[in-house]
Amino acid sequence: VLDGASNYYGSFADSFEGSDYSDPAVQSSNEVGRTALRQAAGTAMDASNVPGLQPEIASPMRSWSLGATALLVKMGLRISGDSLNNTATSMNNNAEQVQEACAAAGTHA
């Protein structure tokens, strides 16, 4: 889920670089990216609430989900620049924490 959302957001970021929200390619990738983030945020939040899931995995997973929700709202509001980048960076850090916690637990993220 994290990889899929990352790919779709990456496509949006690539199309947005050097352009703006009025560009049809940006509009299209924005819509697809927000859809992917919405679905991934829900899946990640559901997964983070699995009974017995270690807090080291669940907590950054919840944070990633909230970040994905914030990012899709910012994209929907057509916010640009550092605000998008900072949210994406925070999400990447959360994803890395999830992956490290899963590896420490002997499972796959």
Side-chain angles (χ1 to χ4, degrees):
V1 169
L2 301 179
D3 288 342
S6 176
N7 288 335
Y8 286 112
Y9 175 74
S11 293
F12 162 75
D14 290 345
S15 70
F16 189 63
E17 187 175 330
S19 189
D20 60 42
Y21 282 102
S22 64
D23 181 328
V26 173
Q27 291 175 8
S28 177
S29 65
N30 182 350
E31 185 176 332
V32 172
R34 284 184 293 127
T35 299
L37 286 167
R38 186 177 302 107
Q39 292 173 346
T43 300
M45 187 61 76
D46 289 345
S48 73
N49 290 320
V50 168
L53 185 63
Q54 296 176 351
E56 299 83 11
I57 298 170
S59 181
M61 193 178 292
R62 281 188 200 99
S63 294
W64 185 93
S65 178
L66 294 173
T69 302
L71 188 59
L72 76 89
V73 168
K74 290 177 182 184
M75 290 167 66
L77 294 173
R78 298 178 175 214
I79 294 173
S80 59
D82 287 339
S83 182
L84 291 175
N85 293 335
N86 292 340
T87 302
T89 297
S90 177
M91 290 171 60
N92 288 339
N93 292 338
N94 292 138
E96 188 174 302
Q97 291 173 0
V98 170
Q99 291 169 335
E100 289 172 358
C102 285
T107 188
H108 180 19

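The structure presented is a predicted model; accordingly, all values stated were derived computationally and were not measured. Along the sequence shown, residues are numbered consecutively beginning with 1.
Taking CG of Asn85 as the reference point, atom OG of Ser90 lies at 12.5 Å (rounded to 0.5 Å). Note that CD of Gln54 is 9.0 Å distant from OG1 of Thr107, once rounded to the nearest 0.5 Å. From Asn92, atom CG reaches atom OG of Ser6 across 6.0 Å, with rounding to the nearest 0.5 Å. Atoms CG and OH, from Asp14 and Tyr9 in turn, are 10.0 Å apart once rounded to the nearest 0.5 Å. With rounding to the nearest 0.5 Å, the separation of CE in Met61 from CD in Glu56 is 12.0 Å.
Side chain of Gln27 to backbone of Tyr21: a donor-acceptor contact under 3.5 angstrom is found. Checking side-chain atoms of Ser48 against main-chain N and O of Met45 turns up a donor-acceptor pair under 3.5 Å. The backbone N or O of Gln39 lies less than 3.5 Å from a partner atom in the side chain of Thr43, making a donor-acceptor pair.
A continuous path of ILVMFWY side-chain contacts below 4.5 Å connects Val26 to Leu77, so both sit in one hydrophobic cluster. Residues Ile79 and Leu72 share a hydrophobic cluster, clusters being chains of Ile/Leu/Val/Met/Phe/Trp/Tyr side chains in contact below 4.5 Å. Val32 and Leu84 fall into different hydrophobic clusters, where Ile, Leu, Val, Met, Phe, Trp and Tyr residues are linked whenever their side-chain heavy atoms come under 4.5 Å apart, directly or through other members.
For the pair Val98 and Trp64, the minimum side-chain heavy-atom distance is 4.5 Å or more. Side-chain contact between Met91 and Leu37 is present, with heavy atoms from C-beta onward closer than 4.5 Å.
When every heavy atom of Leu53 is checked against every heavy atom of Ala47, the shortest pair comes out as CD2-O, 3.3 Å. When all heavy atoms are compared, the tightest approach of Leu2 to Ala95 is CD1-CB, 4.0 Å. Smallest separation of non-hydrogen atoms from Pro55 and Pro60: O-CD, 3.9 Å. Contact between Thr69 and Ala41 at its shortest, heavy atoms only, is OG1-CB, 3.7 Å. The shortest non-hydrogen separation linking Ser29 to Ser15 is OG-OG, 2.6 Å. In this structure, Asp23 and Ser19 approach most closely via the heavy-atom pair OD2-OG, 2.9 Å.
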Verify side-chain contact (heavy atoms from CB on, under 4.5 Å) between Asn49 and Arg62, making sure each step is shown before the conclusion.
-> CA-CA 8 Å; Asn49 290 320; Arg62 281 188 200 99; 3.4 Å; yes
May I have the step-by-step check of side-chain contact (heavy atoms from CB on, under 4.5 Å) for Leu71 and Met75, ending in yes or no?
-> CA-CA 6 Å; Leu71 188 59; Met75 290 167 66; 4.1 Å; yes
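More than 12 heavy atoms of other shown residues, nucleotides or ligands fall within 6.0 angstrom of atom CD in Glu100. Open room surrounds CG on Asp3; 12 or fewer heavy atoms of other groups in view lie less than 6.0 Å from it.
Between Phe12 and Phe16, the two ring planes are parallel [angle under 30°; tilted spans 30° to 60°].
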